[in-house]
Amino acid sequence: MKQTTRRSGLSIMRSLIVLVKPLTGVMLLGIFLGVIGFLCAIFLTITGGYGILYGLYNLLNNGFTSAPNLSRTIFISLIIMAVARGILHYGEQYCNHYIAFRILAIIRHKVFAVLRKLCPAKLEGKEKGNLIAIITSDIELLEVFFAHTISPIAIAFITSLIMIIFIWSQHPIAGIISLLAYMTVGIALPLWNGSRSADAGMKFRNNVGELNNFVINSMYGVDEILQYNQGKIRLNEMDSKSLELSDNQKKLSFFEGSQRAVTNLVIQLFSWLMFFCMLMLYKNESIEFSQMLIATLAMMSSFGPTVALSSLSNNLNQTLACGERVLSLLEEVPTVEEVSDKEATSFEGADVDNVNFSYGEETILDNVSLDIKKGKVLGIHGVSGSGKSTLLKLLMRFWDVNTGEVHISGKNIKNVNTKDLREMTGYVTQETVMFQGTIADNIRVSKQGATLEEIQNAAKKASIHDFISSLPNGYDTNVGELGDSLSDGEKQRVGLARAFLHDGDFLLLDEPTSNLDVLNEGIILKSLSEESFGKTIVLVSHRKSTMSLVDETYEMANGRFS
Ligand SMILES: Nc1ncnc2c1ncn2[C@@H]1O[C@H](COP(=O)(O)OP(=O)(O)OP(=O)(O)O)[C@@H](O)[C@H]1O
């Protein structure tokens, strides 16, 4: 997917966070459990370390005189905090993952809704592999953001704040050192790491999309690749794309490794700094031994939440790159808006009025006008690329005209409910897409809930019934079982059977018999002429034989009728 202007990491985060709104309660609970959990872990270490060191101190100074009550209290506290830490961590993770997977479902719904709106115009030119990467892996990676980013940031902030206050209460200098330490590990290092690996993160996600696209494209074109001996060239290209991907992966791994090393070094430095400062203060008798111990232990054991933030920046770039790609797709404006709030329309004829149309710069239809009377069969004949299929797409409102108007039943097509338009039209193209499922399911696509009898009748009209009946499982044959063995002509007849079953009043047939032999074409044309009573048909074809059916033929050349 082409990236337009790249938004900042913060704005991506803001847009993603908005999605959490409906689950704010669960998020707050997760943060609360996370903070308490971390505090348990921190005070577990402080209490344990304090118990051991204080015991040793007593032993050295006073012999075995330490109070047994104190040891018991410490021991019980340790057990309570250890158990609580486990339970709280579980609770926090549960809340975060609950939110993440609920939100991923919401995002998937949104993405599919957008794809429906963008179809077919906006998607005609899109790289399918890239779209698949967005729908599958990009959305999946957002889990990291929702489960492992938002609440860790809040938890790190709150826990560190509590710890700064606590350490400050031992001595202000200790408080200041801890503040600097947390800010370095939790803010400065992630920002530094984030900014140096931002490009690599975005490139990596785009590389994944491109590679997907390339593989899918190669699979579609495998016949041509073999025929024209392109295998080696494609393989080399795939290799170079894989290498680019792995180079980026290496870069990201390097950033991750070096960031961890620097983080650990900084933690060590701050810990020693705290220890020496506290030792000085103790020597100067500004603090007591216990304060020295507690402040040092408290800071050493409380880097957990900030380290989590620090390592987050490694994944965050990739996650934000995914967020950017998903958000860009969600924000794409459909070329044709769906209409649903108009009065119902039934088909009473159509006309094309001085229409100009271009997909991009180049004019495809140049001042085209056409009157399609109800009940007539109209033929459009013309050389390849003259704009015949484009005209049909405008009549289906897959695209909107640039200037001029298309009318259905006297109404501007922009004021006809999309549902009505789809119901009244039957559209058959040269290429019929087969879906997973049985042949019966594949014909039923055009009429939900159609009975087998209706399907068989449609198949007979499309001259495909005998072929289907000859298969061992007949209409229950799984299309997948046939592999690629359905011929183009058989697929095209399935397409025609769909149109017959749909039984719309307005049939748009784009080379509907181009893949058929003369015999089958004859049967279908006979069915069409029998079925055409009361129906309106626009038939696009190169073949003169196909045109035998039509009442009136228009010649199209260079986007104009001659
Ligand atoms: N989605 C698209 N984006 C950009 N250009 C397109 C698109 N679809 C078609 N075109 C271009 O518009 C022109 C007309 O195409 P169209 O398919 O309407 O011609 P046609 O007369 O039906 O051709 P054929 O008989 O070969 O099917 C062609 O030059 C084609 O490349």
Side-chain angles (χ1 to χ4, degrees), residues 1-2 4 114-131 213 216-217 220-221 224 329 332-337 350 352-370 372 377-404 406 413 425-433 488-489 491-492 495-496 499 506-516 521 524-525 537-550 552-562:
M1 182 131 320
K2 303 271 174 305
T4 43
V114 165
L115 287 179
R116 272 199 296 277
K117 277 193 192 160
L118 294 178
C119 276
K122 274 261 183 182
L123 297 187
E124 260 186 30
K126 288 266 186 294
E127 313 100 319
K128 304 283 183 295
N130 220 342
L131 269 180
N213 212 23
I216 288 177
N217 197 234
Y220 276 131
E224 279 78 1
L329 183 67
E332 278 210 40
V333 182
T335 307
V336 176
E337 287 288 352
V352 176
D353 197 3
N354 292 317
V355 160
N356 285 285
F357 178 76
S358 57
Y359 290 106
E361 296 289 295
E362 199 190 338
T363 302
I364 304 294
L365 295 180
D366 182 11
N367 215 23
V368 169
S369 294
L370 190 64
I372 307 166
V377 181
L378 211 133
I380 300 179
H381 192 250
V383 294
S384 177
S386 55
K388 305 181 296 294
S389 305
T390 303
L391 182 61
L392 296 193
K393 286 178 192 170
L394 295 185
L395 284 164
M396 293 284 295
R397 206 175 169 225
F398 283 177
W399 295 85
D400 273 333
V401 298
N402 295 2
T403 59
V406 174
I413 198 167
T425 44
Y427 180 49
V428 179
T429 61
Q430 295 174 52
E431 277 179 35
T432 302
V433 173
D488 287 344
K491 285 185 199 161
Q492 198 164 32
L496 278 159
F506 188 30
L507 286 180
L508 299 164
L509 310 176
D510 193 354
E511 305 278 5
T513 54
S514 58
N515 296 315
L516 303 184
E521 182 183 40
I524 284 165
L525 291 180
I537 302 178
V538 179
L539 178 60
V540 165
S541 180
H542 289 107
R543 286 199 204 170
K544 284 274 183 231
S545 56
T546 318
M547 288 296 169
S548 60
L549 182 75
V550 306
E552 203 176 350
T553 309
Y554 286 81
E555 277 297 325
M556 189 166 237
N558 296 326
R560 300 186 77 116
F561 287 126
S562 51

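Everything numeric in this text was worked out from a predicted model, so none of it was measured. All ligand and atom numbering here is 1-based and tracks the order in the structure.
Nearest to atom 7 (C) of ligand 1 by heavy-atom distance, out of Y359, W399, F398, is Y359. By heavy-atom distance, the residue among G385, S358, A557, G382 lying nearest atom 28 (C) of ligand 1 is G385.
You'll find the side chain of L391 reaches within 4.5 Å of the side chain of I380, heavy atoms only. Contact of the F398 side chain with the V336 side chain is not registered, since no non-hydrogen atoms from C-beta on lie closer than 4.5 Å. Annotation: side chain of T390 is in contact with side chain of Y359 (closest heavy-atom distance under 4.5 Å).
Residues T363 and N356 have side chains that never bring a donor and an acceptor to within less than 3.5 angstrom of each other.
Near V383, meaning under 4.0 Å from one of its heavy atoms, ligand 1 places the atoms 21 (O). Short contacts between ligand 1 and S384, defined as distances under 4.0 Å to a heavy atom of the residue, involve ligand atoms 23 (O), 24 (P), 25 (O), 26 (O). With ligand atoms numbered from 1 in the order given, ligand 1 contributes 14 (C), 15 (O), 16 (P), 18 (O) to contacts under 4.0 Å with heavy atoms of T390. For ligand 1, the atoms lying closer than 4.0 Å to a non-hydrogen atom of G387 are 14 (C), 18 (O), 19 (O), 20 (P), 21 (O).
For residues 386-403, every residue pair satisfying the salt bridge (charged side-chain N to carboxylate O under 4.0 Å, His left out) rule, not counting sequence neighbours, is listed here: E124-K393, R397-D400.
At distances below 3.5 Å, not a single donor-acceptor pair connects side-chain atoms of E511 with backbone N or O atoms of S389.
Residue Q430 places a heavy atom less than 4.0 Å from ligand 1. Contact analysis puts S386 in contact with ligand 1, with a non-hydrogen atom separation below 4.0 angstrom.
The shortest N/O to N/O separation between I364 and ligand 1 does not fall below 3.5 Å. On a distance-only criterion, E511 and ligand 1 share no N/O pair closer than 3.5 Å.
For the side-chain contact (heavy atoms from CB on, under 4.5 Å) test, residues two or more places apart in sequence or in another chain that qualify with T553 are H381, M547, V550.
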